[in-house]
Engineer: 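I have a structure here, written as structure tokens, and I will follow up with some questions on it.
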Amino acid sequence: MSTTAELLKGAAELFPGEVVTQAHVRHFDLPLGAGRFALITLDNGHDHTKPTTLGPQSLANIDAALDQVEKEAADGDIVGVGVTGKPFIFAVGADLKGVELLKRHEDALAIGKGGHDVLKRLANLAVPSFAYYNGAAMGGGVEIGLHCTYRTVSAALPAFSLPEVFLGLVPGWGGCTLLPNLIGADKAVSVIIENSLNQNKQLKGAQVHELGIADAIFEGADFLEQSLIWTASVLKGEITVERPLIDRGEAWDQAVARGRFIADGKVHGAAPAAYRALDIIAAAKSGDLQQGYDAEDQALADLIMGGELRSGIYAFNLVQKRGKRPAGAPDKSLARPVTKVGVVGAGLMASQLALLFLRRLEVPVVLTDIDQERVDKGVGYVHAEIDKLLGKGRINQDKANRLKALVSGVLDKAEGFADADFVIEAVFEEMGVKQKVFAEVEAVAPAHAILATNTSSLSVSEMASKLKHPERVVGFHFFNPVAILPLLEIVRGEQTDEASLATAFGVAKKLKKTAVLVKDAPAFVVNRILTRFMGEIQNVIDEGTPVPVAEKAVEPLGLPMSPLVLLELVGPAIGLHVSETLNRAFPERFTVSPNLKAVVEAGKRGFYVYDSGKPELDPEVAALLKQGDTVLSEEQVRARVLDAVAQEIGLMLDEGVVAEAQDIDLCLITGAGWPFHLGGITPYLDREGVSERVNGKRFLEQGVASVPA
């Protein structure tokens with residue numbers, strides 16, 4: 001048994017749940033008389049919906065297949081070796097379930113080294129090797145191809161990426177070293193750093209070819225056949241693959257510097273993966289591949305044993321699993337069909353909602369408002385957005401015409417909602433206004449119609465309390481921008497019945513939103529946590545801490561934007577309204593900042609101006625600020641903010657606002673854009689010892705988003 005085989009056999013014992021990938025070798029004569037060829041197909045079973053992943057046993061199977069073709073190549077029995085995947089899937093990287101179980105640095109190191117040892121054999125064969133990216137390829141799947149001599153890609157390939165930095169790892173089986181040496185450092189930084197930190201952006205087949213990762217691209221219908229014809233032409237010398245000369249001078253250093261700038265902007269130095277990847281890319285300038293592989297092994301082992309990866313995997317599982325099977329959701333068989341939607345209001349939020357319902361449900365959508373001008377503006381917004389989709393080629397003319405015909409606007413609710421199955425209001429955030437609207441809708445809508453509110457902080461139960469049938473009222477809280485943020489907080493009022501709730505969850509699924517069941521509590525989940533978080537920032541500013549100190553204090557969390565920039569995005573007036581709502585509910589913990597109130601009364605849109613190209617405190621806002629003389633350090637501010645958030649989350653869980661801490665994290669990731677490397681917030685609070693300091697216990701058990709005990 002080879003050293004690599006022994007290494008992988010030992011590592012396999014740590015991955016008891018691995019879905020093992022087989023590596024089937026078959027032989028045939030290439031077209032054009034090019035000679036006998038060996039094709040390795042990666043396949044983990046007959047279920048084509050399950051992605052092909054790579055764990056120790058899978059690598060061992062690939063290693064065994066390479067034993068066979070390596071001998072055949074050395075004996076002159078074959079002229080080349082190809083690698084492809086089962087239909088629609090090439091391979092999507094490491095088995096994360098097994099990675100979570102690793103407890104020792106040396107075991108993690110073995111995984112990295114074992115992967116390198118196997119894949120390097122593709123590059124060292126006595127004959128050329130070819131990767132045929134026939135379907136989704138990510139992480140280790142991409143890296144298999146990078147070790148080959150040539151690569152082709154399917155034009156139908158839907159997703160291609162090196163997502164490791166997004167999860168808290170580095171591309172550790174050659175990605176950081178080989179990719180910049182193949183396509184140049186700048187393009188490699190875009191794939192490894194920029195795309196990963198941009199919510200794991202995926203490449204399509206055409207982009208893979210344009211970047212130079214693939215040498216040829218063919219249509220999906222006969223991709224393998226065309227790839228083999230191309231392979232034959234390459235082997236016969238009829239096609240010569242020419243690749244551009246890589247600039248190993250100043251351009252390489254500038255690319256790495258650009259990557260650091262991107263990482264700083266996204267994680268603010270708070271997460272190590274991006275910086276470890278950039279260090280390896282920087283060193284790859286020398287062209288010393290083995291040095292790069294060794295650095296990848298070390299980085300991989302260090303990061304696997306760190307908190308960022310565990311939090312990243314935890315966050316990934318939340319979004320991919322819990323987000324698709326919401327905790328506490330009722331039996332979906334109780335859901336009623338929705339064949340027409342009504343939207344009360346025609347402002348920006350209401351118009352965004354109308355567009356979303358229209359695009360996803362493709363049923364009639366009718367907007368109402370207090371005057372014809374507003375109604376026309378709302379319908380006009382939807383039409384304009386459909387025209388944009390048409391202009392971008394996202395929909396064809398027939399679909400654009402059909403969607404436009406489905407949306408309408410009326411002043412009379414009786415005319416618009418008499419046959420609606422689902423009516424959602426998005427009017428002014430004031431209880432009396434919303435109760436009046438619901439009373440008007442209840443009077444004209446069918447008895448089975450769901451009445452939904454997009455309130456961000458008000459009580460759904462109180463909103464429904466004056467209705468004859470409060471059981472059909474449900475909270476349906478979207479996040480802005482509606483088309484981008486996935487979260488939908490579904491709020492169960494005190495009298496909401498199972499059928500109404502099931503219908504709400506059914507609609508959410510069709511809208512392709514991540515639905516989380518939430519108790520009817522002030523500001524629900526995201527707004528309550530963010531208001532407590534931002535409230536403490538505002539408190540320390542009011543007390544005397546300079547604005548830059550307060551803002552910089554929370555940079556180690558690596559949030560997508562600073563608290564005051566977030567406030568600007570939300571809108572100071574909305575932030576003030578939510579803080580006033582929570583102050584009424586919990587005056588002992590939520591304050592109303594007099595400085596924020598002054599900013600709103602002055603009509604300012606935020607604390608900053610951007611005349612210099614970067615945020616600077618608005619002189620007019622600075623003149624409004626009235627501060628005390630208590631000045632805190634960054635560390636003191638951060639501790640105070642984190643303690644406040646930990647306390648609030650503990651109270652929310654005690655109150656049953658959501659089922660578990662996992663739902664808090666899912667909400668923050670999908671509704672507020674909190675980074676995967678934090679796992680939301682509770683893993684970070686556990687890791688930093690804040691949870692136990694404030695609440696006397698961890699939010700998550702040891703081993704959940706952390707190294708097992």
Side-chain angles (χ1 to χ4, degrees), residues 1-15 18-25 38-44 51-74 78 80-85 90-96 98-99 102 106-133 137-149 151 162 164 169-179 289-301 304:
M1 183 181 291
S2 69
T3 303
T4 299
E6 290 175 354
L7 189 70
L8 292 172
K9 182 179 179 181
E13 296 174 2
L14 304 169
F15 283 64
E18 179 185 353
V19 178
V20 178
T21 294
Q22 304 297 325
H24 305 287
V25 182
L39 181 67
I40 301 171
T41 302
L42 308 177
D43 193 339
N44 63 355
T52 302
T53 56
L54 304 171
Q57 186 57 58
S58 302
L59 287 170
N61 290 341
I62 297 172
D63 194 48
L66 288 171
D67 283 341
Q68 177 182 344
V69 299
E70 187 175 63
K71 182 178 186 304
E72 293 169 345
I78 55 175
V81 175
V83 183
T84 192
F90 185 80
V92 298
D95 184 342
L96 295 179
V99 170
L102 296 177
E106 54 264 41
D107 293 331
L109 195 63
I111 298 298
K113 184 169 172 41
H116 274 126
D117 288 350
V118 172
L119 301 188
K120 281 191 298 184
R121 298 181 70 185
L122 283 165
N124 295 331
L125 290 171
V127 295
S129 54
F130 298 78
Y132 306 130
Y133 289 127
M138 301 173 196
V142 169
E143 289 168 309
I144 289 174
L146 293 180
H147 283 273
C148 292
T149 319
R151 288 154 294 280
L162 288 170
E164 287 85 353
L169 279 176
V170 299
W173 286 341
C176 288
T177 301
L178 292 173
L179 191 61
L289 299 186
Q290 188 55 53
Q291 181 185 56
Y293 299 156
D294 291 342
E296 288 176 353
D297 287 342
Q298 193 61 51
L300 203 63
I304 284 175

Engineer: Taking S129 for the side chain and T149 for the main chain, is one N or O donor matched with an acceptor at less than 3.5 Å?
Structural biologist: yes

Engineer: Heavy atoms only: give me the nearest L102-A108 pair and the separation to one decimal.
Structural biologist: CD1-CA, 4.0 Å

Engineer: Say you draw a straight line from CG of D117 to CG of D63; how long is it, rounded to the nearest 0.5 Å?
Structural biologist: 8.5 Å

Engineer: Could you tell me whether a side-chain N or O of H147 sits under 3.5 Å from a main-chain N or O of V118, the two making a donor and an acceptor?
Structural biologist: no

Engineer: If you look at every heavy atom in G115 and L59, which pair is closest and at what distance?
Structural biologist: CA-CD1, 3.8 Å

Engineer: Testing the 3.5 Å rule here: is there a donor-acceptor pair between the side chains of Q290 and D294?
Structural biologist: yes

Engineer: Kindly give the heavy-atom pair with the smallest separation between V170 and L300, and that separation in Å.
Structural biologist: O-CD1, 3.6 Å

Engineer: Testing the 3.5 Å rule here: is there a donor-acceptor pair between the side chains of H116 and D297?
Structural biologist: yes

Engineer: Report yes or no: does R151 contribute a side-chain atom to a donor-acceptor pair with the main-chain N or O of Y133 at less than 3.5 Å?
Structural biologist: no

Engineer: Can a side-chain donor-acceptor contact be found between T84 and T41 if the only test is distance below 3.5 angstrom?
Structural biologist: no

Engineer: Test side-chain contact (heavy atoms from CB on, under 4.5 Å) on T52 and D43; report intermediate values, then the result.
Structural biologist: CA-CA 6 Å; T52 302; D43 193 339; 5.5 Å; no

Engineer: Minimum heavy-atom separation for G145 and A131, please, with both atom names.
Structural biologist: CA-CB, 3.5 Å

Engineer: Determine whether I144 and W173 make a side-chain contact, defined as any pair of heavy atoms from C-beta on separated by less than 4.5 Å.
Structural biologist: no

Engineer: Considering all heavy atoms of both residues, which atom of A38 and which atom of V25 are nearest to each other, and what is their separation?
Structural biologist: CB-CG1, 4.4 Å

Engineer: State the CE-CD distance between M138 and E164, to the nearest 0.5 angstrom.
Structural biologist: 11.0 Å

Engineer: Counting only N and O atoms by type, is there a donor-acceptor contact under 3.5 Å from the side chain of E296 to the main-chain atoms of T177?
Structural biologist: yes

Engineer: What distance separates N61 CG from H24 NE2, expressed to the nearest 0.5 Å?
Structural biologist: 9.0 Å

Engineer: Taking all non-hydrogen atoms of both residues into account, name the closest pair between P51 and N44 and its distance.
Structural biologist: O-ND2, 2.7 Å

Engineer: Within the distance-only criterion (no hydrogens, no angle test), does the side chain of S58 pair as donor or acceptor with the backbone N or O of T21 below 3.5 angstrom?
Structural biologist: yes

Engineer: Nearest 0.5 Å, what's the CD1-CD distance between I78 and E70?
Structural biologist: 10.0 Å

Engineer: First locate atom CG of L66, then atom CG of L125, and finally report the distance between them rounded to the nearest 0.5 Å.
Structural biologist: 6.5 Å

Engineer: Got a second to check how far I111's CD1 is from L54's CG, nearest 0.5 Å?
Structural biologist: 11.0 Å

